[in-house]
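Here the structure comes first, spelled out in structure tokens, and everything after it is commentary.
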Amino acid sequence: MSRRDKGAISQKVRPLNGQKQRVLAFFGLVSLFLFLLTLAITITINFRPLYRFSIQRFDLLTISGLDQGTLLKNFDQLMDFLNKPWITSMNLPDFPMSAAGYGHFVDVKYLFLLNYAVLLVTVIPAVAYLLYLKRNGRLWQLVRPFQWGMGVPVILGFLMAIGFDTFFVKFHELFFSNDDWLFDPATDPIINVLPEGFFMYCFILAFVLLEVFFFLMVLIGRRSLRK
């Protein structure tokens, strides 16, 4: 084979390799975004002190007629059902529940497990992508995508601030295909101890965590430029 033939073949191969690198880089960036998003959600939904704070903030002991230990026991049982795939039924000792109410928590459980699945699936590609950027001196490529990403929690936070009721309704309409989330306190008294304000604090925590994670990516990228 002549040198000219080898050169022609190599020229044909290079664009393919470059294209593969771009595809892998895009996959790595998406994996990193999804990992940070699901990590923020995971921390938020398992941050028990937030519910303990809400008990006092919204006077849930008076509303429920329960002491704090009993209320937290019910809350922990609810979270065990939502978090653990091997727990397939739920019967809270102090809160009767309608079929529709139970169905909504089943739907929430599916979303929780989907979040954990995405977290586990993306952690290795996300770490591999960061190591690839570091090894090739390209951590600066994190700056622009995550600068744009930092705008998302800000926009969502603004929408939430101007009308959390509307934001909360739209959230449920987006992620749930039924009206089971519209609880009747008479048949599903659990809603009395899961006030809307508690969920507002959950969203705030998730947005703050996501903003911090994205800022750290920007900071890592900028510091790499100074070396």
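In this view, T70 and D67 satisfy the side chain to side chain donor-acceptor pair (under 3.5 Å) rule, not counting sequence neighbours. For N115, the side chain to side chain donor-acceptor pair (under 3.5 Å) partners at least two apart in sequence or on another chain are T42. Take I191 and apply the side-chain contact (heavy atoms from CB on, under 4.5 Å) test, not counting sequence neighbours, and it matches F183, P185. Residues meeting the side chain to side chain donor-acceptor pair (under 3.5 Å) test with K84, sequence neighbours left out: D80. Remark: Y102 engages no residue in a side chain to side chain donor-acceptor pair (under 3.5 Å) (not counting sequence neighbours). Residues passing the side-chain contact (heavy atoms from CB on, under 4.5 Å) test with L216 are V212, sequence neighbours excluded.
Side-chain contact between M90 and L82: absent, with no pair of heavy atoms (C-beta onward) separated by less than 4.5 Å. Within the 4.5 Å cutoff, the side chain of F58 has no heavy atoms near those of the N192 side chain. The closest side-chain heavy-atom distance from L36 to F146 is below 4.5 Å.
One distance of note links CZ of F105 with CZ of F112; it measures 9.5 Å at 0.5 Å rounding. F213 contributes atom CZ, which lies 4.0 Å from atom CG of L39 (distance to the nearest 0.5 angstrom). Residue D107 holds its CG atom at 10.5 Å from NE2 of H172, rounded to the nearest 0.5 Å. Atom CG of N83 sits about 8.0 Å away from atom CG of L113, to the nearest 0.5 Å. We find the CZ-OH distance between F75 and Y51 to be 6.5 Å, quoted to the nearest 0.5 Å. Rounded to the nearest 0.5 angstrom, L209 CG and I204 CD1 are separated by 12.0 Å.
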Item to complete: Verify side chain to side chain contact (heavy atoms under 4.5 Å, CB included) between L194 and L78, making sure each step is shown before the conclusion.
Response: CA-CA 11 Å; L194 295 173; L78 172 61; 4.0 Å; yes

Fill in: Candidate pair K73 and D94, rule salt bridge (charged side-chain N to carboxylate O under 4.0 Å, His left out), full reasoning
CA-CA 10 Å; K73 179 181 178 181; D94 299 286; over 6 Å; no

Practice prompt. Give the C-alpha distance, both sets of side-chain angles, the deciding distance and a yes or no for side chain to side chain contact (heavy atoms under 4.5 Å, CB included) between R48 and L72.
Written response: CA-CA 9 Å; R48 192 170 182 261; L72 286 173; 3.5 Å; yes

Worksheet item: Do F176 and L111 pass the side chain to side chain contact (heavy atoms under 4.5 Å, CB included) test, and can you show the C-alpha distance, the side-chain angles, and the key distance before you say yes or no?
Response: CA-CA 10 Å; F176 301 101; L111 290 179; 3.6 Å; yes

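Scanning both residues, C202 and T44, for their nearest heavy atoms gives O-CG2, 3.2 Å. Heavy-atom minimum distance, P96 versus P189: O-CD, 3.4 Å. Closest approach of P153 to E211, counting heavy atoms only: CG-OE1, 3.3 Å. Summarising the geometry of L71 relative to F95, their closest heavy-atom pair is CD1-CZ, 4.0 Å, with the distance given to 0.1 Å. Nearest heavy-atom pair, F27 versus P125, reported as atom, atom and distance to 0.1 Å: CE2-CB, 3.9 Å. Of all heavy-atom pairs between A206 and A40, the closest is O-CB, 4.0 Å.
Grouping Ile, Leu, Val, Met, Phe, Trp and Tyr residues whose side-chain heavy atoms lie under 4.5 Å apart, directly or via other members, leaves L24 alone, with no other cluster members. Chaining together hydrophobic side chains whose heavy atoms lie under 4.5 Å apart places F26 alongside V30, L34, L114, V118.
Within the structure, no pair that satisfies the salt bridge (charged side-chain N to carboxylate O under 4.0 Å, His left out) test touches residues 176-190, not counting sequence neighbours. Counting only residues at least two apart or in different chains, salt bridge (charged side-chain N to carboxylate O under 4.0 Å, His left out) contacts with residues 24-33 are absent. Within the structure, the salt bridge (charged side-chain N to carboxylate O under 4.0 Å, His left out) test picks out the following pairs touching residues 147-176 (sequence neighbours left out): K170-E173.
L182 is connected to V106 through a chain of hydrophobic side-chain contacts under 4.5 Å among Ile, Leu, Val, Met, Phe, Trp and Tyr, so both are in one cluster. Both Y116 and I124 sit in one connected hydrophobic cluster of ILVMFWY residues. Membership requires side-chain heavy atoms under 4.5 Å apart, directly or through other members. Both Y110 and M79 belong to a common hydrophobic cluster when Ile, Leu, Val, Met, Phe, Trp and Tyr are linked at side-chain heavy-atom distances under 4.5 angstrom. Taking hydrophobic clusters as Ile, Leu, Val, Met, Phe, Trp and Tyr residues chained together by side-chain heavy-atom distances below 4.5 Å, L156 does not share a cluster with W148. Linking ILVMFWY residues whenever their side-chain heavy atoms come closer than 4.5 Å, directly or via other members, places V108 and I87 in the same cluster.
A distance below 6.0 Å separates the ring centres of F203 and F167. Aromatic rings of F214 and F33 (six-membered ring for Trp) have centroids within the 6.0 Å cut-off, being under it.
For H104 (side chain) and A100 (main-chain N/O), no donor-acceptor pair under 3.5 Å exists by modelled atom type.
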Donor-acceptor pairs are to be reported for all side-chain atoms of residues 127-135 against protein atoms at under 3.5 Å, with residues two or more places apart or in another chain.
| unit_1 | atom_1 | unit_2 | atom_2 | d |
| --- | --- | --- | --- | --- |
| Y132 | OH | R138 | NH1 | 3.3 |

